Amino acid sequence: MDAVFSDSQNQFRQEVRDWLSANVPGERLPSLDTQKGFDLHRAWEKKLHAGNWGMVTWPEEFGGRGCSLTDWLIFEEEYYRADAPLRVSQNGIFLLGPTIMEYGTDEQKERFLKPMAAGDEIWAQAWSEPGAGSDMAAIRSKAVRDGDEYVISGQKIWSSRAVFADWCFGLFRTDPESSRHHGLSKILVPLDSPGLTVRPIAQLDGDPGFAELFFDEVRVPVSNLLGPENGGWGVAMATAGFERGLLLRSPARFQAAAARLVKLYKQNANRLSSGIKEQVLQAWGDTERFTAATYALVAQVDSGASISSEASANKIFWSEMDRTMHRTAMTIMGMHAELEEGDGAIENGRWLDGYMFSLAGPIYAGTNEIQRNILAERVLGLPRQ
Amino acid sequence: MNLIYTSDQQELIDAADSFFAGEHTVEYMRNLLESDASDDTQTLWNNFAELGLLGLVAPEENSGLAQDFSVMAGIAEMAGNVALTEPLIEIAGISVPVLAQMGATDELNAVISGDLKVLPVCGLSGMVSHADTADMFLIGEGGKARLLDKSDVTLTPLKSIDPLRKLYKVSHAGDGLEAIDQRGAILNASFLCGLSKRMVTLSVDYAKDREQFGKQIGSFQAIKHQLANVHTQIEFTRPIVQLAATQNGRCVHQAKVSSIDTAMLAAETAIQVHGGMGYTFEVSLHMFMKRAWALCGEWGDRNHHINILETMILADDAELGPGTTFSY
């Protein structure tokens with residue numbers, strides 16, 4: 001066990017730092033849930049890709065650098081240290097990309113990974129349905145085989161980025177006789193397909209951050225099937241594992257927020273009640289715990305171990321840590337907490353935005369109640385209900 | 001950067017784990033409660049010496065295994081898992097490396113062979129479990145480590161809620177020393193992780209056994225979610241403790257605070273899951289729970305470590321944010 005970065009890791013960090021300081025936009029970009037913000041975030045993805053920084057862990061042939069996961073954590077630390085824009089391509093590069101590398105055919109890798117890395121094709125998710133939220137195995141949307149095509153009918157919901165994105169990936173029932181997690185397949189669908197209607201849903205902040213998707217006999221070629229037909233549940237679980245765990249939420253974003261929280265506390269310290277100080281220390285300490293745990297997890301993965309149900313503890317920890325940290329910021333801001341912009345608004349309402357977003361954390365990617373069930377049953381070995 | 005044990009290190013920790021689990025059983029502890037059992041204790045101590053546990057972090061020229069301190073922390077967690085009664089972790093993890101640093105070769109060799117017990121004294125509390133079995137005490141005074149013979153100190157018996165802690169106040173505790181107190185805090189945090197883990201295991205076993213409303217109570221989400229919470233806290237405490245054992249610095253204080261919070265949560269959850277049975281002397285839980293309560297306050301209590309963290313984190317020149325975890 002050692003906790004020292006190697007010379008080459010330090011050199012890599014410096015390289016990332018130098019590139020970001022020369023390239024990160026001076027002003028924060030508008031929300032990526034608006035057309036203007038989305039376009040600017042896509043342009044940023046293209047710039048990252050041009051510098052070969054789009055997804056450092058990917059193999060070189062797909063636009064990456066073949067870096068280790070530890071290097072990726074270093075990259076993320078520098079990324080959030082530089083306060084660089086959010087990753088509008090995250091559904092693709094963090095979730096679908098690794099799944100395609102594991103399950104995709106050579107043709108699929110060639111067709112999808114490069115445009116994904118380049119920001120030319122932005123991906124949305126299409127898992128949940130009105131009747132299949134936490135109970136994802138209740139999916140009813142069907143894909144019926146017709147020659148070389150699937151004909152998709154049904155409805156998906158909570159599809160993040162779908163309003164402005166190019167493609168979606170989701171689970172559809174390909175065996176009409178099947179039930180629960182059997183007979184599902186993972187299929188990739190262009191969002192501009194005839195018969196596919198995207199209805200924007202306004203999020204808490206009023207922007208259309210997600211959408212409802214209506215499939216009315218949407219036709220896609222069978223080559224858009226990812227992984228085995230009727231074996232989509234296993235493929236989806238691989239993606240969900242990435243999402244809950246490692247890739248989506250590296251520690252750096254929370255560490256950056258904790259550092260901002262300490263600053264906010266100090267600026268307001270003279271008017272705060274005494275209990276707030278310990279909440280601030282708790283927020284900082286939790287991000288340090290998350291960091292140490294992530295480096296330990298990465299070391300395990302780099303040594304050949306795979307993460308499965310353990311990822312549930314990860315998701316519970318970061319999402320609840322994030323919510324508590326932002327609540328503390330709201331408490332510190334007090335009467336200024338409600339102000340979105342203008343006179344008296346702190347950091348242009350950034351904490352408020354962050355607080356709203358943090359409320360989604362314990363809900364998306366499998367609610368924390370589901371994660372607790374998974375931990376209790378699959379890790380602790382308690383009996384199923 | 002590699003924040004996991006190597007396979008050799010893990011083997012040593014696993015070996016200690018199996019030894020503790022095989023010898024330091026609940027029955028062994030019950031026997032200690034009911035009788036003097038000093039023969040059993042001596043046998044156990046001789047085994048520690050034979051297995052090399054006493055010289056785990058000692059230099060090779062003193063017949064030690066020259067292992068990293070982080071391995072000692074891993075073994076402390078396994079000791080916590082069985083609520084080890086004997087002061088192995090304190091002696092092998094604190095006294096031995098400090099004796100080596102002091103160049104006290106004779107005492108060091110005797111400790112490693114199991115013939116001498118040198119117990120470290122926390123400068124903050126002066127309270128030492130099993131002080132009556134010590135031949136010598138190790139204190140920090142004026143920035144230096146110092147050995148005291150047992151005849152140089154007076155021991156005042158104290159009564160701990162933990163019936164297996166034979167607790168004494170040592171009359172001369174010194175003013176503390178980082179080399180002693182840091183190691184004490186880290187190993188204590190690791191031991192607390194082991195206790196927390198065991199309290200979850202005991203609760204899971206009970207929840208699978210106990211039936212109400214015609215079902216195992218462990219099938220109810222009200223039980224599952226409480227235990228999942230403790231599990232999550234343990235999984236996010238152990239790594240910062242291991243980091244503390246590897247690099248020192250401010251994470252030592254965070255490790256101690258988090259391990260205290262986790263252990264108290266584990267104990268409260270465990271007794272809730274056990275229901276009325278958890279409130280009895282008969283069920284084993286109390287031995288682990290009381291040890292956790294006792295150890296939370298040792299080697300700097302929560303207030304002590306939070307106050308240090310406050311000084312470090314709220315300082316004007318504090319380096320915070322991404323990329324600062326492994327340097328400070």
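Residue numbering restarts at 1 for every chain, and letters A, B, ... go by the order of the sequence lines. The model shown is predicted, which means the values in this text are computed figures rather than measured ones.
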If you check both backbone and side chains, which donor-acceptor pairs between chain A and chain B fall under 3.5 Å?
residue, atom, partner, partner atom, Å
M1(A), N, Q9(B), OE1, 3.0
D2(A), N, N2(B), O, 3.0
D2(A), O, N2(B), N, 2.9
D2(A), OD1, M1(B), N, 3.2
V4(A), O, M1(B), N, 2.6
Q255(A), NE2, T325(B), OG1, 2.8
K266(A), NZ, L314(B), O, 3.4
K266(A), NZ, A315(B), O, 3.0
K277(A), NZ, E310(B), OE2, 2.9
E278(A), OE2, R302(B), NH1, 2.5
E278(A), OE2, R302(B), NH2, 3.3
E288(A), OE1, T325(B), OG1, 3.3
E288(A), OE2, T325(B), OG1, 3.3
R289(A), NE, F236(B), O, 2.9
R289(A), NE, S258(B), OG, 3.4
R289(A), NH1, Q233(B), OE1, 3.4
R289(A), NH2, Q233(B), O, 3.4
R289(A), NH2, Q233(B), OE1, 2.8
R289(A), NH2, T237(B), OG1, 2.9
E369(A), O, H225(B), NE2, 3.4
R372(A), NE, N229(B), OD1, 2.5
R372(A), NH2, N229(B), OD1, 2.8
N373(A), OD1, Q221(B), NE2, 3.3
N373(A), OD1, H225(B), NE2, 2.7
E377(A), OE2, K224(B), NZ, 2.6
P383(A), O, K224(B), NZ, 3.0

Could you state the interatomic distance from CG (L281(A)) to CG (L314(B)), rounded to the nearest 0.5 Å?
5.5 Å
V71(B), V204(B), L309(B), I223(B): which one forms the most heavy-atom pairs within less than 4.5 Å of chain A?
V204(B)
Determine the interplanar angle of the F317(A) and F236(B) rings, folded into 0 to 90°, and report it as parallel if under 30°, tilted if 30 to 60°, perpendicular if over 60°.
parallel
Could you report the tightest heavy-atom contact between L380(A) and A228(B), atom names first, then the distance?
CD1-N, 4.2 Å
Which region of A258(A), side chain (C-beta onward) or backbone (N, CA, C, O), has a non-hydrogen atom less than 4.5 Å from a non-hydrogen atom of chain B, or is it both or neither?
neither
So for V200(B), is it side chain, backbone, both, or neither that comes closer than 4.5 Å to the heavy atoms of chain A?
side chain
Toward chain B, the part of V262(A) with a non-hydrogen atom under 4.5 Å
side chain
Could you have a look at A376(A), A313(A), G381(A), A259(A) and say which one has the most heavy-atom pairs with chain B under 4.5 angstrom?
A313(A)
Looking at I74(A), V4(A), I316(A), V280(A), which one has more heavy-atom pairs under 4.5 Å with chain B than the rest?
V4(A)
Which atom of P322(B) lies closest to which atom of A252(A), heavy atoms considered
CG-O, 3.5 Å
Where on L243(B) is there a heavy atom nearer than 4.5 Å to chain A: the side chain, the backbone, both, or neither?
side chain
Closest non-hydrogen atom pair, G218(B) against L382(A)
O-CB, 3.6 Å
